[in-house]
J.: 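The following block contains the structure, expressed as structure tokens.
Throughout, a chain's letter reflects where its sequence line sits, starting with A, and its residues are numbered from 1. The figures here come from the full heavy-atom set of this structure, side chains too, leaving out hydrogens, waters and symmetry mates.
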There are 2 protein chains.
Amino acid sequence: MSEVLRSAVNRSTTLEDVARVAGVSRATVSRVINGIRNVDPAIQESVRLAIASTGYVPNGAARSLVTRRAGSLALVVSGSGAEADGPAGGEVFTDPFFGRVVSGVFQALRPQGLHPVLMLADAPEAREQALAYLRQGNADGAMVVSTHAEDPMPALLLEAGVPAVLFGRPDRPLPISCVDLANRDGGRLAADHLHARGCRRVVTIAGPSGVRAARDRLAGFHDAMARHGLPYLPHAEADFTQAGGERAITRLLIEHPDTDGVFAANDLMAQGALAVLRDHGRRVPEDVAVVGFDDSSAATAGRPLLTTVRQPVEEMAAEMTRILLDHIARPERGATSVIFEPSLVVRQSA
Amino acid sequence: MSEVLRSAVNRSTTLEDVARVAGVSRATVSRVINGIRNVDPAIQESVRLAIASTGYVPNGAARSLVTRRAGSLALVVSGSGAEADGPAGGEVFTDPFFGRVVSGVFQALRPQGLHPVLMLADAPEAREQALAYLRQGNADGAMVVSTHAEDPMPALLLEAGVPAVLFGRPDRPLPISCVDLANRDGGRLAADHLHARGCRRVVTIAGPSGVRAARDRLAGFHDAMARHGLPYLPHAEADFTQAGGERAITRLLIEHPDTDGVFAANDLMAQGALAVLRDHGRRVPEDVAVVGFDDSSAATAGRPLLTTVRQPVEEMAAEMTRILLDHIARPERGATSVIFEPSLVVRQSA
DNA sequence: AGCATCTGGGAGAGCGCTCTATCCATCAAA
DNA sequence: TTTGATGGATAGAGCGCTCTCCCAGATGCT
């Protein structure tokens, strides 16, 4: 009796225990649990009973050890290591963009019963930590959101043989899967709209030049504007934050007081522009039209409601997750990339 | 030779391999890696060399199996299962509150080299999944952010013997650790400020009545206002979202057009109020003063800048994490709770 | 010198699970 | 009856690691 008690206290119940109670072998219990091969219905029932009566819970580590599956995926928020630009450290998580990515990842992961483990690799040390974690097989694959084009993470993952999918194309082509937005098209959409509205003295608030998406949005915008006969546009670079947007528009307004249109490379910066324009007594959209990018919650947070280029972040993140799951299930397949099309959402600001 | 090649392809290198290369035993290599007990510096060096030359990476699952440590903590976003109120599903992640929690968790986790695994337990099925994952020992403990007071998760975790810490006190007292804000004090702070400003026809936008924090904020506000001689205040309930705040204030303004002060139980709803007040041509703070709650990014996103009651979410989340780590390290210790004090941040809106 | 203590290292027993190889009935076909 | 199949269950060999013994040699003390 004391033996029983002691073991009940010290050890948690194992397959062995369940097998003993059910009067079958360990292997049979395992088969019932994993639902493979034919097991006599009567025995199945008695095993189930034994599981319930013992309160048995399989041990994840032991299972992982033999199946070589961790049962979790990593969501890596990765920076350059220098972070000269872009929001640093924990601030990344405050960006509505991050929440939308998580949301999309969950949409795709939920049916599979998997959970994402979050990793922040914004400094060399943190990156090594994350990489070690992944190499040890603590996660079956990685989804990477880079905040910087020079991010070495994708290449390192590739080298380590960790299945990975990127949110956003890498700067230099790599044989690695990714989802991305046709950012140039998005810039074009914004340009066409502002031009059609009659804006002729347009400025742009660019994202960090180290971020490919930011460059592409600006390039698309400038190309389209050039086609409309406006080849030279003043622009200021900011860090994708609202405060950065405020500083950028302030500078632009001093240098170009007659501005009648603003394109910001994301909604947060556009919102900063809106706030400063209001401080300066400019009416939006009457005096100055403003177009943002993303269609995040920031777009509808204030007044006027922001006209913006929609990036379907949730869908993109869900697709990223699905691609990763597919890579894990069928490692032999090559890299694939899916490019989403942006769309213009016209609200009040332009 | 073919034997060597095959094993190099099929299996990843193990401790055994490293030991063979270094000419020592498995145990010694393990000791070097984990840095325990004295190992001759010369041997240490040769082991390190062998590790480098073989590209050895320890197997996390095998280690977990014997140490009974997963090396990760769960961050559970948990709902009631019904979700009659409060933001549902993936929307939780869009709330700036969530980002701040994640940020705080990372602050505390980073020095430990641990990573949080995210779990969404908003429906009974998802809750079971999450619970199973935790019981299997895939995480060493759980941090729980409940979106509803009736949330059964805390009690279930307690029952399962999973170390856990809550963000926000449970509705009914449980022997479980938590961090929380003195929400009543926060409500009082807002009331005193509005009253001192001269507001006498004040309305409140409450959070979901199923959320304890929301009730406490409102109660604190009402108590203080009653002490100031204003015992009856109109209020409307909303769901902590901006859209909900907009609906609530719209209703309140119809019923009480002479309103001169608004207290919202969080910044998102306050921002909704700001937007609608602007649509109605009311000036803030001249005609109507508005006080929010949280001091999230939403408070400084628009204009006027929001006067709000600050909740130090990041610090609270970091503390929650530290408490959990402590519980895991010293399971014998009892539950502790840490209550943070709110503070008023006066900006433009009141 | 004799005994106790300490230090550095090895052998090997598990941790709890999966899964292959194997075995034993049972039953259809030759 | 013999010979295979075949369904249903078992035994047992690992998966890769940690950690408790255990041992040999060096050191300290009386």
J.: Give the nucleotide from the list C:dG12, C:dT18, D:dC17 with an atom nearest to the side chain of A:T67.
T.: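 Of all the options, the side chain of A:T67 is nearest to C:dT18.
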J.: Would you name the heavy atoms of B:G141 and B:V162 that are closest together and state the gap between them?
T.: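 Answer, listing the atom of B:G141 first, then B:V162: CA-CG1, 4.2 Å.
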J.: Roughly, in whole Å, what's the span from CZ in A:R26 to C1' in D:dC15?
T.: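 So the two atoms are 13 Å apart, to the nearest Å.
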J.: With respect to the side chain of B:R63, which nucleotide from D:dT18, D:dG16, C:dT18 is positioned closest?
T.: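 Selected nucleotide: D:dT18.
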J.: Which nucleotide wins on minimum distance to the side chain of A:L15, given the candidates D:dA11, C:dT18, D:dT18?
T.: C:dT18
J.: Check the distance between C:dT7's P and B:Q44's CD and give it to me in whole angstrom.
T.: 15 Å
J.: When you get a sec, tell me which of C:dT7, C:dT18, C:dG9 is the closest nucleotide to the side chain of B:T28?
T.: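 It is C:dG9.
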J.: Measure the distance from CZ on B:R69 to C1' on D:dT18 and round it to the nearest whole Å.
T.: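 Rounding to the nearest Å, CZ of B:R69 and C1' of D:dT18 are 14 Å apart.
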J.: According to a strict under-4.0 Å criterion, is B:S25 in side-chain N/O contact with OP1 or OP2 of C:dG10?
T.: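 So the side chain of B:S25 is within the cut-off, an N or O lying under 4.0 Å from OP1 or OP2 of C:dG10.
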J.: Which sits closer to the 5' end of DNA chain C, B:D40 or B:R68, going by the nucleotide each is nearest to?
T.: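 Checking each residue's closest nucleotide, the 5'-ward one belongs to B:D40.
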J.: Of all heavy-atom pairs between B:V29 and B:A19, which one has the smallest distance, and what is that distance?
T.: CG2-CA, 3.7 Å
J.: Is there a side-chain contact between A:I33 and A:R63, using heavy atoms and a 4.5 Å cut-off?
T.: yes
J.: Is it the case that the side chain of A:E314 and the backbone of A:R100 share a donor-acceptor pair, with hydrogens and angles ignored and the cut-off at 3.5 Å?
T.: no
J.: Side-chain N or O of A:N59 versus OP1/OP2 of C:dC17: is the shortest distance under 4.0 Å?
T.: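 Checking C:dC17 against A:N59, no side-chain N or O comes under 4.0 Å of OP1 or OP2.
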J.: Separation of B:R31 atom CZ from D:dG16 atom P, in whole Å?
T.: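 Distance, rounded to whole Å: 21 Å.
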J.: Within this structure, what is the CG-to-P distance between A:L65 and D:dA13, rounded to whole angstrom?
T.: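 The distance from CG of A:L65 to P of D:dA13 comes to 17 Å, rounded to the nearest Å.
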J.: Determine: side-chain N/O of B:N34 to OP1/OP2 of D:dT18, distance under 4.0 Å, yes or no.
T.: yes
J.: Quick one about A:S78 and A:D151 (side-chain donor to acceptor, distance below 3.5 Å, no hydrogens or angles considered), yes or no?
T.: yes
J.: Would you mind reading off the distance between B:R20 atom CZ and C:dG10 atom C1', rounded to a whole angstrom?
T.: 16 Å
J.: Round to a whole Å and report the spacing from CD1 of B:I33 to P of D:dC19.
T.: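 Going from B:I33 (CD1) to D:dC19 (P), I get 13 Å.
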J.: Want to settle it: does B:A61 or A:V29 sit nearer the 5' end of DNA chain D, counting the closest nucleotide to each?
T.: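 Result: A:V29.
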J.: Expressed as a whole number of angstroms, how long is the span from A:E16:CD to C:dC15:P?
T.: 10 Å
J.: What's the closest nucleotide to the A:A62 side chain, out of C:dC17, D:dA11, D:dG16?
T.: C:dC17
